[in-house]
Amino acid sequence: MVRCGSYSAAARALGYTQPAITQQMKALERETGSALFVRVGRGLRLTEAGEALARHTSAILDAMSAAQEQMNALARLRAGRVRLCAFPSANSTLVPETLAGLTAEHPALRVDLLENEPPESLRRLTRGECDIALAFTYPGLHEQVPEGLVEIPLLEDQLTVLLPAGHPLARRRAVRLTDLAGERWIAGCPRCRANLLHECAQEGFVPDVAFMTDDNLAVQSLVAEGLGVAMLPALVLNFMRHPKVAGRPLQPFSRRKISAYVLPEHLRIPATASVLDQLRTVAARKDGC
């Protein structure tokens, strides 16, 4: 109604008769106790009360949609189907081993794989678009997790400084951030970029970020060509390491925390529990990368 401007236009858009739409609007006005529309020429205009209600409409419809998606999710889980949303480096390391273990132990269990960086993966979980979300947090950033989610910690992933193979600091066992204050940097995803800025600020300098890319292979290729240095999690280097780069741990050690998140009611469903158990098993073999 608000977008269409008249009962007849709304009826055509929704596939209803015009009298049916009129009756629905009159019922809504009786329910609210206020007139919501006034006639202006051949169209309708919202009253002050109508405008107030319209401002809440989008949030109400979104909440109803999320509730329906969560109900659908419960039905899928009980049927042995789980939607797992993870960030790229988890999808390249933790997830394949998890799926292999699940296939061997629970061949009837179906896992649909989705990919998003946090915090979008957590938003998808709250909207009912996935059943388990894998996400990472950096201790120094104090990131907020949406209310109502259960966190299952999986592992601590050590951060590594990436240097061109011929860089003088590549001869060291570990590297301090302050040793890299004069270097150009290649920064990763927005959350990783924020952590880089935070850690450098803690050491008293602002990094010269020359390039930004979410592609881990592109980060390494830029470093390999001597265009800068980078900070990457060890989990990434476990499955992808450019031959012309050298990875060195930060000193003092810095890590990110990787966790699985679910809605509380999903914990009691066998399909979810099986996936979480297998994720814990795989993560235990990689903790401290």
Side-chain angles (χ1 to χ4, degrees), residues 86-95 97 117-118 134-143 153-259 279-280 282-289:
F87 52 95
S89 57
N91 272 342
S92 301
T93 52
L94 293 174
V95 172
E97 291 183 45
E117 297 275 6
L134 294 184
F136 58 85
T137 56
Y138 289 103
L141 296 186
H142 306 293
E143 293 128 329
L154 294 176
L155 63 90
E156 298 276 320
D157 189 13
Q158 182 176 311
L159 297 183
T160 302
V161 170
L162 214 58
L163 307 163
H167 196 286
L169 293 177
R171 294 192 292 268
R172 298 186 184 179
R173 287 182 173 272
V175 176
R176 291 185 175 276
L177 269 183
T178 49
D179 296 332
L180 300 167
E183 299 281 350
R184 298 209 306 172
W185 286 82
I186 295 100
C189 74
R191 183 167 285 196
C192 299
R193 200 175 309 150
N195 181 66
L196 170 65
L197 295 173
H198 170 77
E199 296 215 12
C200 291
Q202 293 293 102
E203 296 297 328
F205 72 96
V206 177
D208 176 12
V209 177
F211 303 100
M212 295 180 289
T213 174
D214 293 352
D215 187 325
N216 289 316
L217 181 57
V219 170
Q220 295 193 46
S221 297
L222 290 166
V223 172
E225 294 301 323
L227 296 171
V229 299
M231 184 189 295
L232 282 182
L235 197 63
V236 173
L237 300 178
N238 276 353
F239 74 92
M240 181 196 304
R241 186 189 291 266
H242 195 291
K244 294 183 181 180
V245 303
R248 295 293 179 266
L250 277 172
Q251 194 177 53
F253 289 144
S254 182
R255 300 171 184 262
R256 67 176 180 174
K257 182 171 74 168
I258 297 175
S259 299
L279 279 168
R280 290 190 192 96
V282 172
R285 296 198 291 263
K286 299 182 179 295
D287 198 13
C289 296

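Values below: every heavy atom of this structure, side chains too, minus hydrogens, waters and symmetry copies. The first residue of the sequence shown is numbered 1, and numbering continues consecutively from there.
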Contact between [X] and [Y] at the side-chain level, heavy atoms closer than 4.5 Å - yes or no?
| X | Y | value |
| --- | --- | --- |
| Cys192 | Phe136 | yes |
| Leu180 | Leu163 | yes |
| Cys200 | Val206 | no |
| Met240 | Ser92 | no |
| Leu177 | Glu199 | yes |
| Ser221 | His242 | yes |

Check your understanding: Do you know the tightest heavy-atom contact between Leu154 and Ala283?
Key -> O-CB, 3.6 Å
Practice item. For Glu143 and Pro118, indicate whether the former's side chain and the latter's backbone hold a donor-acceptor pair under 3.5 Å. Key: no
Practice item. State whether the side chain of Arg248 and the backbone N or O of Ala170 hold a donor-acceptor pair below 3.5 Å, judged by distance alone. Key: yes
Study note, to complete from the structure: Result for side chain to side chain contact (heavy atoms under 4.5 Å, CB included) between Arg256 and one of Asn195, Leu235, Thr137 points to Leu235
Check your understanding: Is the shortest distance from a Lys or Arg side-chain nitrogen in Glu117 or Arg191 to a carboxylate oxygen in the other one below 4.0 Å?
Key -> no
Exercise for review: Give the C-alpha distance, both sets of side-chain angles, the deciding distance and a yes or no for side chain to side chain contact (heavy atoms under 4.5 Å, CB included) between Leu134 and Leu279.
Suggested key: CA-CA 10 Å; Leu134 294 184; Leu279 279 168; 3.9 Å; yes
